[in-house]
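Following: one structure in structure tokens, then a few remarks.
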Amino acid sequence: MKITNALLFLIIIFIINIGTLLAQGLDIDDQLCGDNPVKFTISIDNAPKTIDSLQFDIIFDVNILEYTNSFTKGNLTEGFNFFDVKEVSSGQIRIAGVTNTDIESGTSGEIATLEFNVINEQNTIITFDNIEGDISEWTTGDGLLTCVDVINNPPQFDNECGTRNVEIDIPITFNLQVSDSDAEDTVKLFAEGLPVGAVMAPQLPVKGNPIQSQFSWTPTEEQIGTHDIEFIAVDDKDKPSQTSCKVTILVGTPPPPTQLIAEFDAGPITGFKPLTVDFTDKSKGDPSSWSWDFGDGATSTEQNPTHTYDESGDFTVKLTVSNSEGSDTDEEVIVVKDVVGLCKAAFNVDKTAGFSPLEVKFIDISNGNPTSWAWDFGDGAASSLQNPTHTYQVPGIFTVKLTISADCGADVITQTNLILVESQPSVNSNFSANLTAGFVPLTVQFTDLTTGNPSSWAWEFGDGGTSIDQNPLHTYTFPGLFTINLTTSNANGAGFEQKTNLINVLPLPAPTAEFQGSPLAGFTPLKVIFTDTSTGNISNWNWDFGDSSISTLQNPVHEYKNPGFFNVKLTVSGVGGAGFEEKINLINLLDGQAPTAEFLGEPLAGRAPFTVHFFDQSSGEIANRNWDFGDGEFSTEQNPAHTFNSPGNFNVKLIVSGKDGTSEESKINYVTVISGNAPTAAFTADKKSGITSGSNQLTVRFTDISSSPTNSKNKWDWNFGDGTRSSEQNPEHTFTGSEDGAFTVSLTVRDSRGRDTVTRPAFISLTESNLAPNPTPNETTTPTPSVAVPLTVNPKTAGKSFNFKTAIVSVIDQNGLPVPGVNIAASEEGRFVFVRPSFATTGSDGDASFDFRFGLLGSNGKVVFTANGMVATIMSE
């Protein structure tokens, strides 16, 4: 066993411009963590002056090291005589001595070697302190002793690790073997990251012998992906091997080869001749060769070539890429323009007139891609920038000229008398204030109204405050009448405006106390909510509730526990003073316990007419109940069932009362009802058999395609026009009669929401055509949606609750096509069932999304989805 830190005791003892005392050259044997001593040497490195004495303490952690009283002198010329080597306290050794012959400056060598015993496998901090004698100026230092085991012969894996591919439902197996050259070690094998279902065959470790274990696993469809497994071998002392066996298993079918697709970028794709274009290959599918045709007769086989077009024209570039799988081609057009006659100088300015000094921005809009610009601003100034900014300092009218040069040549444009610069007018000072009176502190916004283009402002606010802003904001912090002065100036002079006693700052008035409480009467214990309605500047509130209780909150809630009448007093205060309000006998408490109103209703959302069952959950002694369903209807039953006939969101309230008082519970927007439209009748028909030999008859199959949902509440009434009727949904009927007979067919559909009838005159004829033409689009209705929920819900596990899952409700027509814009309602049945939102509308894909969860205590919970008024699906826990 060896210590891993080569500087076992890094005794950092710096000498200020003198020298260094440090432990170095430590040689620890393999039994460090056993009973043999630990040795370290104290030495001197190039002593800068004569040394004849020393003293220092060695402090270490008790219960980790113990001193053996073994102390060996070093190899300096005469060495040290140590007259004091002792343990002055638990874990602290003091060393002091003198030299027979002084150690001269520049001398190096060992002073002494000390031995310690390590009595358990831990770390210890060694600290040097109390340094005196010739080394008294040396600073203290410390070092760390680490006692660890080192595996001399770590176990090794004999099998090949790496990556393996496997498909789902296909078993994968491989063997693992670990060996150790140390015959005294017993090797054990562990695995981290085993996937669900994977098995490692039992292993029987034998001391000094290799161990083997077989890994086997059959992945499922849910386990498609990457699985990283690390196999670790350890020895008798549970020390891991220096290396591990890491295996990556890729589950799933390998992707098909990438299709070869030619693609490239070119830049620039337009410009003047000569035009140099860089071509960059962007092809997919690992091409192995490239063939470029630049459209002007030139070609290349480089992957990313550069080509120069010397002539103007439109050139179609083609790239053909190839590999062992085939080839593909991509094209791009390069436009090269002729530069002749394209040079044209032109420019714009952001302003053409103003007062001096006037700053003007010039913008070059020349044609021909100029490479140089020469501006003459007309006042003796010039510029070579493309888009310069110039300031005219003196009044005048100035002509501006721009000369450009480019590959196409040069051009000049002159705009005569373009810039008009006028002298600054004299200023006329004026200003306004948004407020002229108010309570302290008063903040006023001042607005400069000076004419004549002032360039500087000097404000005096009358309270000692000043500003040089054009439109300052100033706050008055004490009351008084204040005169405002404004001085403005420009290059032509200054102006002054004074407004005497413009600002009137008033002292803050004392606040006015006022409050409300609710409820003001009831049975004990009674919680009363107090609401502060005081006015004025208020910083403190003091309440006296009349029962020896007080509060400093603005809006406290206080509970009265004893019956009686109570006066309530509120005192408010602020910088303007204080005010109070006392209300005599405000609170009236009776001895007793009023009932507590509570109720539940289910279901809570659906189509009109919609029936909700309400259940009274109130507590206490109750004599009367009064329900308000929010639609103008009421009930005094304990558990009423109420039908909502109109769509909307309805508030429901229950009031319960008994001998000890009254309580009410209101639930806002508790019931949601959407429109429940009556059905729309529609049908189709097809011929089952034609006119039979010897008789004149025709059998027809009728199919109901009404918008009404199919459930037990539907009724159908067919009239075939020949005196016969049917109540089936999709009947078959045989017509008989003369050759020119024609029959009018009608269908009436009824459900709980209403009825509808469709009539088809002369729909059945016993002529060759047999059937009347199909209905026009205006005679048909939207097909009835069918609804499916492609969702598997895990059953509820006792003692656990599930996170919210997502249900996708899909609406399709009878042809299997998605139906957008369908309103779907979701409602819960049973306690502790949660779904959100209550309504959703299908998108362009015919899907609507809901989140749901079954709670801890759910019992037979259900989520019911309805679409167009029909039950779409029921999802149970």
Within a strict 4.5 Å, meaning less than it, do heavy atoms of the [X] and [Y] side chains meet?
X      : Y      : value
Ile269 : Val333 : no
Leu385 : Trp373 : no
Phe446 : Ser432 : no
Leu442 : Leu435 : yes

Task: Of all pairs that satisfy salt bridge (charged side-chain N to carboxylate O under 4.0 Å, His left out), the ones with a partner from residues 524-546, not counting sequence neighbours - done: none
- [ ] Among residues two or more places apart or on two chains, list those pairs meeting salt bridge (charged side-chain N to carboxylate O under 4.0 Å, His left out) that have a residue in residues 502-520.
- [x] Glu514-Lys583
Within 6.0 Å of [atom1] in [X], more than 12 heavy atoms from elsewhere:
X      : atom1 : value
Ile584 : CD1   : yes
Phe355 : CZ    : yes
Ile550 : CD1   : no
Lys351 : NZ    : yes
Ile529 : CD1   : no

Task: Worked verdict on Asp278 versus Thr306 for side-chain hydrogen bond (donor to acceptor under 3.5 Å, both in side chains) - done: CA-CA 5 Å; Asp278 295 321; Thr306 297; 2.9 Å; yes
Which pair of non-hydrogen atoms, one from [X] and one from [Y], has the smallest distance, and what is that distance?
X      : Y      : answer
Pro370 : Asp364 : CG-OD2, 4.1 Å
Ala578 : Pro511 : N-CD, 4.1 Å
Asn369 : Ala406 : O-CB, 3.5 Å
Leu358 : Ala353 : CD2-C, 3.8 Å
Ile334 : Pro268 : CD1-O, 4.4 Å
Ser455 : Asn490 : OG-CA, 3.4 Å

Apply ring-ring contact (aromatic ring centres under 6.0 Å, His included) to [X] and list each qualifying residue two or more places apart in sequence or on a separate chain.
X      : answer
Tyr560 : His558, Phe566
Phe362 : Trp375, Phe377
Tyr392 : His390, Phe398

Task: Thr352/Leu420 under side-chain contact (heavy atoms from CB on, under 4.5 Å): CA gap, chis, key distance, verdict - done: CA-CA 6 Å; Thr352 59; Leu420 171 62; over 6 Å; no
Measure from the side-chain N and O atoms of [X] to the backbone N and O of [Y], and report whether any donor-acceptor pair falls under 3.5 Å.
X      : Y      : answer
Asn567 : Asn585 : yes
Asn434 : Gln445 : yes
Asp350 : Lys361 : yes
Thr524 : Leu526 : no
Asn430 : Thr450 : no
Thr552 : Asn542 : no

Open item on the list: Considering only residues two or more places apart or on different chains, which pairs with a residue in residues 456-467 satisfy side-chain hydrogen bond (donor to acceptor under 3.5 Å, both in side chains)?
Closed with: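 Listed once each, the pairs are Asp448-Trp457, Ser456-Ser489, Glu460-Asn485, Asp463-His474.
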- [ ] Scan for side-chain hydrogen bond (donor to acceptor under 3.5 Å, both in side chains) pairs involving residues 664-674, sequence neighbours excluded, and state none if there are none.
- [x]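 Qualifying pairs: Glu598-Lys667, Asn649-Thr672.
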Nearest 0.5 Å, please: how far is [atom2] in [Y] from [atom1] in [X]?
X      : Y      : atom1 : atom2 : result
Ser366 : Leu402 : OG    : CG    : 5.0 Å
Asn453 : Ser356 : CG    : OG    : 10.0 Å
Asn540 : Gln554 : CG    : CD    : 11.0 Å
Leu275 : Thr270 : CG    : OG1   : 7.5 Å
Leu508 : Ile538 : CG    : CD1   : 11.5 Å
Lys344 : Asp411 : NZ    : CG    : 5.5 Å

For [X] and [Y], which I'm curious about, is there any donor-acceptor pair between the side chains at under 3.5 Å?
X      : Y      : answer
Thr500 : Thr483 : no
Thr475 : Thr443 : yes
Thr416 : Thr399 : no

TODO: Run the numbers on Phe599 and Val652 for side-chain contact (heavy atoms from CB on, under 4.5 Å), then give the verdict.
DONE: CA-CA 10 Å; Phe599 65 89; Val652 180; 3.8 Å; yes
With sequence neighbours left out, write down each residue that passes side chain to side chain donor-acceptor pair (under 3.5 Å) with [X], or none if nothing qualifies.
X      : answer
Thr371 : none
Ser549 : Asp547
Lys401 : none
Glu422 : none

Open item on the list: Quick check on side-chain hydrogen bond (donor to acceptor under 3.5 Å, both in side chains): which of Thr451, Thr487, Thr488 does Ser429 satisfy it with?
Closed with: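 It is Thr488, the one option of Thr451, Thr487, Thr488 that forms the side-chain hydrogen bond (donor to acceptor under 3.5 Å, both in side chains) with Ser429.
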TODO: Evaluate the side-chain contact (heavy atoms from CB on, under 4.5 Å) criterion for residues Leu570 and Phe580: first the C-alpha distance (whole Å), next the side-chain angles of each, then the deciding distance (0.1 Å), finally the verdict.
DONE: CA-CA 5 Å; Leu570 170 61; Phe580 76 92; over 6 Å; no
Task: Residue pairs passing the ring-ring contact (aromatic ring centres under 6.0 Å, His included) test where at least one lies in residues 481-509, sequence neighbours excluded - done: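 Residue pairs passing ring-ring contact (aromatic ring centres under 6.0 Å, His included), neighbours aside: Tyr476-Phe482, Phe478-Phe482.
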- [ ] Please report the C-alpha distance between Lys569 and Trp543 in whole Å, then the side-chain angles of each, then the deciding distance to 0.1 Å, and finally whether the side-chain contact (heavy atoms from CB on, under 4.5 Å) criterion is met.
- [x] CA-CA 6 Å; Lys569 180 180 178 181; Trp543 296 83; over 6 Å; no
Task: Trp627/Phe634 aromatic ring centres below 6.0 Å - done: no
